[in-house]
Peer 1: 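After the structure tokens below, expect a handful of questions from me.
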Amino acid sequence: MTRRGALYFAVMAALLLAVGFYQSWNVAFGILNLCLISAIMALGVNMQWGYAGLFNVGIMGFTALGGLTAVLVSMPPVPEAWAAGGMGMVLSFLMLVATVAAIIFARRSVPAYLKTPATIALVVAGFFLIRIFYLPAVGRIEAINPAHTGYLGGLGLPIVLSWLAGGLVAAGAAWLIGKVALGLRADYLAIATLGISEIIIAIVKYEEWLTRGVKNVTGLPRPVPYEVNLMETQWFINFTNWLGAADIANAASMFVKICYAVLIMIVLGIVLWLAERALKSPWGRMMRAIRDNRDAASAMGKDVTRRHLQTFVLGCATCGIAGAMLTTLDGQYTPTSYIPLRYTFLIWVMVILGGSGNNWGAVLGGFVIWFVWIEAEPFGNWFMHTITLPMGDDNWLKQHLIGGAAYTRLVLMGAILLIVMRFAPRGLIPER
Amino acid sequence: MKFLSAINMTGGYGGADIIHSCDITVEKGEIAVVVGPNGAGKSTAMKAIFGMLDLSEGTVTLDGKDITHMAPQDRVPIGMAFVPQNRNVFVSLTVEENLEMGAFIREDDISETMEQVYELFPMLKEKRNQPAGELSGGQRQQVAVGRALMTKPKLLMLDEPTAGVSPIVMDDLFDRILEIARTGIAILMVEQNARHALEIADHGFVMVQGENRYTDTGKALLANPEVRRSFLGG
Amino acid sequence: MEILNALALLANFVVVPATAYGAQLALGALGVTLIFGILRFANFSHGELMSFGTMAVILFTWVLQGQGVIIHPLPTALLALPVGILVAIVLSLTTDRLVFRFYRRKRANPIIFAIVSVGVMFVYAGLVRIVIGPDDQSFADGARFIITAREFKELSGLAEGIAIKQTQVVTIAVAVAVVAAMFWFLQKTRSGKAMRAYSDNEDLALLSGIDPDRVVMIAWIITAALATIAGTLYSLDKIYKPFIFLQILLPIFAATIVGGIGQPVGAILGGFVVAYSEVMLTYAYKKFLAYLGPSGWAPDSLVQLLSTDYKFAVSFIILVVVLLVRPTGIIRGKVIG
């Protein structure tokens with residue numbers, strides 16, 4: 001990392017410290033944790049855009065898949081639901097596998113002109129066969145204690161496992177979509193990923209047997225201690241006394257946040273280290289060669305589509321990991337909270353600002369943009385209050401403008417993206 | 001000074017210079033042909049004359065006016081027309097629409113010019129309502145030349161107009177080009193078929209490695225044994 | 001009689017709404033395809049441009065309604081439409097001047113344009129939410145129905161009625177008029193032909209003396225007008241929700257690609273293909289089949305292929321099928337690398 005890069009990180013740290021001193025340390029650590037997760041997501045997107053020039057507009061979907069995995073790994077299973085509809089679900093899954101296998105087999109064995117009709121026939125047949133088992137099972141599962149469960153539950157494993165599993169699930173989805181959309185025009189990938197992410201969100205919102213949908217899954221197990229337990233633990237009480245902290249509740253909440261920060265930093269460290277290694281390896285050099293001159297690279301015998309698929313899958317897996325961590329940090333899974341501006345396009349602003357192609361840049365971008373995103377709200381309030389100062393308090397326009405203050409951050413993010421693209425397209429920490 | 005004088009042109013696309021101290025001139029009503037081996041910089045010289053290339057040295061004048069630094073689209077109104085080698089028709093537009101687009105900058109009545117083009121290329125009149133993309137290669141070249149004539153140019157520049165067409169079509173096209181020259185238009189063209197082109201040329205420029213090697217009348221070049229040996233296959 | 005009832009049912013719940021929705025999508029897709037054809041990039045800010053134009057229409061509609069200027073039975077919004085279009089045009093041209101022109105002069109890669117359009121999308125989205133707020137807004141007035149289901153039943157003697165909302169008729173009428181005007185412009189006027197020429201072959205258009213800045217300007221003017229009309233019709237038909245305009249981008253893009261990128265006729269076809277697929281796949285055919293089957297019989301389930309929750313998935317499925325089977329779209333569109 002260059003001295004300029006180090007300086008930026010120092011400024012960022014100073015900003016977080018300033019929040020700690022002037023707002024509160026709890027807020028500062030809250031921001032820090034999300035900065036860290038944002039940095040991981042930005043790293044994932046940077047692999048796709050910075051290394052390979054792929055425009056992925058479906059980051060939200062892969063994040064949501066990671067979050068879903070966190071639920072499925074960590075929540076306790078619901079035995080009644082499994083008893084009622086588990087068999088039906090397993091059968092529908094087997095049907096799905098059988099349909100896919102039949103399609104693959106048919107496409108290999110029938111003559112070319114029958115391929116499309118055969119595929120359509122099998123898709124339709126499979127669709128109705130699956131529904132025979134699927135629909136009753138869904139009904140039975142969702143009927144079991146709908147206020148508290150109404151879904152199959154998870155595996156009851158430690159939630160930290162889901163961080164890895166979330167990456168794998170996202171990678172699987174990315175492989176499927178990449179197979180279809182990569183190798184075509186560059187902007188088809190963008191539109192296709194926009195679509196897949198909307199579908200994933202629809203699934204996690206409406207497949208209640210799987211995710212409880214809009215009823216949300218709350219109370220996910222934690223990888224770190226609970227505040228209430230900490231406050232009753234002798235060593236922690238002694239520790240706070242030794243520190244001289246007056247408010248033990250506050251101290252406990254801080255301690256939990258710091259634990260999360262450490263965990264996330266470990267993951268960020270690993271991802272960053274791997275990303276840097278990959279970028280500097282022959283593989284990374286080849287990726288950049290393909291990005292800079294696709295035709296030349298493919299003329300030299302490089303399988304461009306295959307390489308693109310690799311980076312696409314890796315980048316999405318990273319977003320999946322970040323998604324699982326995000327849900328872990330929240331302690332709940334709320335499908336309605338996934339909105340593309342926040343989970344897809346904001347990440348893009350991070351990568352572009354930080355410096356596409358540079359991993360440290362992506363990390364810095366994640367920090368800066370998340371910080372600005374959070375702090376833009378008080379700033380927007382202040383801004384609107386200031387420009388409306390001459391107006392009376394009951395002025396209609398004043399109240400309206402203050403009501404809309406939260407949205408100045410959208411304008412701000414757009415402005416940052418546009419200004420960076422125009423005047424510093426290489427970002428804060430340019431690619432070497 | 002000739003009607004078009006491109007003198008001492010030196011330049012390239014950003015990197016190394018492709019043409020060096022290259023001179024190309026043509027008089028009204030004459031046909032000038034640039035010939036030479038592949039990669040000699042013939043097309044580059046044409047592009048330089050039309051302003052699609054930054055010249056580091058040299059001047060281009062048209063009718064005594066210095067146009068060296070004029071943007072390509074500004075050269076259309078002063079009477080220059082260019083027919084590129086590839087993608088030289090609007091494939092999704094009809095033949096007639098292609099001609100109309102050729103006359104885009106004109107504010108006056110274009111029907112007379114269009115009739116003249118149709119007289120020159122009767123085939124186009126027949127196919128006036130067909131998309132240009134559906135025509136054969138030779139017909140497309142006719143559309144391309146016709147489109148360029150619609151501005152009533154004083155100088156018509158053709159970049160390999162006979163590339164990829166059959167010999168019969170080529171002869172026909174050369175006849176038409178002669179006809180166009182007789183109306184007093186200066187014609188400058190780059191040609192692969194050097195022998196054929198020099199036969200109808202008033203002046204010929206033989207380029208090699210970005211420089212003028214021989215400059216003479218078409219007849220004299222055809223008679224020159226060295227030119228015959230090196231560039232016309234004996 | 002039973003068959004007529006079944007058809008009336010289908011007309012009421014599939015044909016009428018899908019036709020109106022298809023017209024709205026087609027107008028949106030026309031704008032996207034035009035920008036694709038002329039500026040050669042996927043414009044992610046198109047949805048928010050629709051939103052912005054519609055917002056201007058709503059604000060001016062409120063002003064008119066406040067002044068008592070109404071054109072009953074037609075919605076007042078039609079009167080406000082020109083103002084909204086004007087606002088959207090000014091916005092588009094300003095954006096082009098400040099943002100896109102720079103990249104055009106640099107001949108930047110289409111993907112850079114697409115990313116820049118994301119920035120524009122953010123700004124538009126923020127402005128809309130600051131000005132009109134993030135909530136639903138209702139601004140439809142005038143007569144609600146051309147014919148209600150009850151009136152239709154009395155008229156026809158059928159058990160099933162076909163209700164036709166006034167907004168649906170307005171949508172289709174306006175869409176037909178706008179599309180006709182646009183095609184007249186593209187096919188018959190000099191500027192329209194110049195646009196087609198520019199879209200077909202940019203370099204040759206330059207050699208013909210066609211001014212690229214003018215072509216781009218006209219493209220933005222038409223796109224802004226189409227976007228405002230599409231957004232207003234959609235919001236009149238349903239309701240104005242600022243966040244819907246990011247979601248509607250997907251069916252609009254799908255319609256554009258299905259029809260063939262840069263192909264106006266294709267965009268219209270694509271709009272209807274997507275709309276009809278969406279409505280037909282999410283419609284519950286239980287009652288329809290009950291009419292067709294023996295009397296007294298009805299299917300046990302709803303006979304709904306997909307839950308309406310997944311209607312956006314339909315556009316995506318169509319998109320994937322087109323990408324796999326015919327990447328150039330119904331009408332062979334251009335493939336920009």
Side-chain angles (χ1 to χ4, degrees), chain A residues 49 53-55 57 116 127-128 131 135 177 180-181 184-192 194-196 198-199 201-203 205-207 213 294-295 339-341 344-346 348-349 352 380 384 400-401 403-422 425, chain C residues 36 41-42 44-45 98-99 102-103 108-116 118-134 242-243 246-247 249-251 253-254 256-257 261 301 305-313 315-317 319-321 323-325 327 335-337:
Chain A
W49 172 245
L54 301 175
F55 189 26
V57 198
T116 311
F127 179 78
F128 285 104
R131 281 161 67 98
L135 290 181
I177 186 74
V180 176
L184 291 166
R185 321 167 20 128
D187 26 20
Y188 276 176
L189 178 71
I191 294 166
L194 184 74
I196 193 79
E198 287 296 336
I199 291 194
I201 297 307
I203 290 175
K205 240 188 230 173
Y206 302 115
E207 294 303 312
R294 190 187 166 134
D295 296 334
I339 48 172
L341 281 178
T344 294
F345 296 112
L346 194 65
W348 269 95
V349 184
I352 300 286
M384 288 301 184
H400 183 80
L401 284 176
Y407 298 98
T408 45
R409 64 185 187 184
L410 293 182
V411 180
L412 192 63
M413 286 304 142
I416 291 176
L417 181 64
L418 292 176
I419 289 169
V420 172
M421 285 296 284
R422 170 98 180 234
Chain C
F36 242 127
F41 72 97
F44 280 84
S45 64
L98 292 179
V99 181
F102 171 78
Y103 300 96
N109 188 316
I111 214 74
I112 299 290
F113 274 97
I115 292 178
V116 168
V118 166
V120 173
M121 177 187 82
F122 261 109
V123 174
Y124 287 0
L127 290 178
V128 165
R129 284 158 180 78
I130 290 172
V131 174
I132 203 165
F243 74 83
L246 190 54
Q247 282 187 342
L249 206 54
L250 185 61
F253 274 152
T256 311
I257 291 181
I261 284 175
S301 66
L305 293 174
L306 267 180
S307 143
T308 41
D309 303 330
Y310 289 110
K311 64 176 187 202
F312 284 112
S315 347
F316 180 74
I317 295 164
L319 193 69
V320 168
V321 171
L323 287 185
L324 289 177
V325 178
V335 174
I336 313 158

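Small disclaimer: the values here were computed from a predicted structure and weren't measured.
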Peer 1: Select one option (side chain, backbone, both, neither) describing which atoms of C:L98 are under 4.5 Å from chain A's heavy atoms.
Peer 2: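 When you check distances to chain A, only backbone atoms of C:L98 fall under 4.5 Å.
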Peer 1: Count the heavy-atom pairs under 4.5 Å between each of A:F128, A:Y206, A:W348 and chain C, then report the option with the highest count.
Peer 2: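 The candidate making the most pairs under 4.5 Å is A:Y206.
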Peer 1: Which pair of heavy atoms, one from A:G195 and one from C:F316, lies closest together, and at what distance?
Peer 2: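 Closest approach of A:G195 to C:F316, heavy atoms only: CA-CD1, 3.3 Å.
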Peer 1: Specify which of A:I339, A:V180, A:I196 makes the most heavy-atom pairs with chain C at under 4.5 Å.
Peer 2: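 The option with the most such pairs is A:I196.
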Peer 1: With respect to chain A, which residue among C:R129, C:M121, C:Q247 yields the maximal number of heavy-atom pairs within a distance under 4.5 Å?
Peer 2: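 Option with the top pair count is C:R129.
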Peer 1: Can you measure from CD1 (C:I261) to OH (A:Y188) and round to the nearest 0.5 angstrom?
Peer 2: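 Those atoms lie 4.0 Å apart.
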Peer 1: Heavy-atom distances under 4.5 Å only: say whether C:Y103 touches chain A with side chain, backbone, both or neither.
Peer 2: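 Contact with chain A involves the side chain of C:Y103 alone.
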Peer 1: I would like to know whether A:L412 and C:F122 meet side-chain contact (heavy atoms from CB on, under 4.5 Å); could you show each step before the answer?
Peer 2: CA-CA 8 Å; A:L412 192 63; C:F122 261 109; over 6 Å; no
Peer 1: Check the pair C:F312 / A:I201 against side-chain contact (heavy atoms from CB on, under 4.5 Å), numbers first and verdict last.
Peer 2: CA-CA 11 Å; C:F312 284 112; A:I201 297 307; over 6 Å; no
Peer 1: Hey, could you give me the CD1/CD1 distance between A:I191 and C:I257, rounded to the nearest 0.5 Å?
Peer 2: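 Nearest 0.5 Å value for the CD1-CD1 distance: 4.0 Å.
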Peer 1: What part of A:L417 gets closer than 4.5 Å to chain C, counting heavy atoms only: side chain, backbone, both or neither?
Peer 2: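 Side chain of A:L417 only, per the 4.5 Å heavy-atom cut-off to chain C.
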Peer 1: Find the one option among A:I203, A:I177, A:T116 whose heavy-atom pairs under 4.5 Å with chain C are most numerous.
Peer 2: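 The answer is A:I203.
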Peer 1: Are any of the side-chain heavy atoms of C:F102 and A:R422 separated by less than 4.5 Å?
Peer 2: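 Yes. Closest side-chain heavy atoms under 4.5 Å.
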Peer 1: For C:I115, is it the side chain, the backbone, both or neither that has a heavy atom under 4.5 Å from a heavy atom of chain A?
Peer 2: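 Answer is both: backbone and side chain atoms of C:I115 are under 4.5 Å from chain A.
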Peer 1: Between C:V128 and chain A, which part of the residue has a heavy atom less than 4.5 Å away: side chain, backbone, both or neither?
Peer 2: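 Neither part; nothing is under 4.5 Å.
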Peer 1: Between A:I419, A:I416, A:V420, A:L410, who has the most heavy-atom pairs with chain C when the cutoff is under 4.5 Å?
Peer 2: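 Greatest number of close heavy-atom pairs with chain C: A:L410.
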Peer 1: Among A:H400, A:M413, A:K205, A:R294, which residue forms the greatest number of heavy-atom pairs with chain C at distances under 4.5 Å?
Peer 2: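 Winner by heavy-atom pair count: A:H400.
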Peer 1: What's the shortest heavy-atom distance between C:A114 and A:F55, and which atoms?
Peer 2: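 Looking at all heavy atoms of both residues, the closest pair is CB-CE2, 3.6 Å.
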Peer 1: Which atoms of A:V349 come close to chain C, meaning under 4.5 Å heavy atom to heavy atom: side chain ones, backbone ones, both, or neither?
Peer 2: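 It is the side chain, since no backbone atom gets that close.
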Peer 1: Going by side-chain contact (heavy atoms from CB on, under 4.5 Å), name the residues that satisfy it together with C:V123, two or more places apart in sequence or in a different chain.
Peer 2: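 A:V411, A:L418, C:L127.
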Peer 1: Just verifying a value: how many Å separate A:E207 CD and C:D309 CG, rounded to the nearest 0.5 Å?
Peer 2: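 Rounded to the nearest 0.5 Å, the CD-CG separation comes out at 8.5 Å.
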Peer 1: Which residue out of C:A254, C:P134, C:P251 racks up the most heavy-atom pairs below 4.5 Å with chain A?
Peer 2: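 Winner by heavy-atom pair count: C:P134.
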Peer 1: Side chain from CB out, backbone as N, CA, C, O: work out which of these in C:F243 comes under 4.5 Å of a heavy atom of chain A, or both, or neither.
Peer 2: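 Contact with chain A: none, neither part.
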Peer 1: Distance from A:F345 atom CZ to C:L246 atom CG, nearest 0.5 Å?
Peer 2: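 Here the interatomic distance stands at 5.5 Å.
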Peer 1: Measuring from atom CZ of C:F113 to atom CE of A:M421, what distance do you get when rounded to the nearest 0.5 angstrom?
Peer 2: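 Atom-to-atom, C:F113:CZ and A:M421:CE are 10.0 Å apart.
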Peer 1: Less than 4.5 Å to any heavy atom of chain C: does that hold for the side chain of A:R131, its backbone, both, or neither?
Peer 2: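 Contact with chain C: side chain only.
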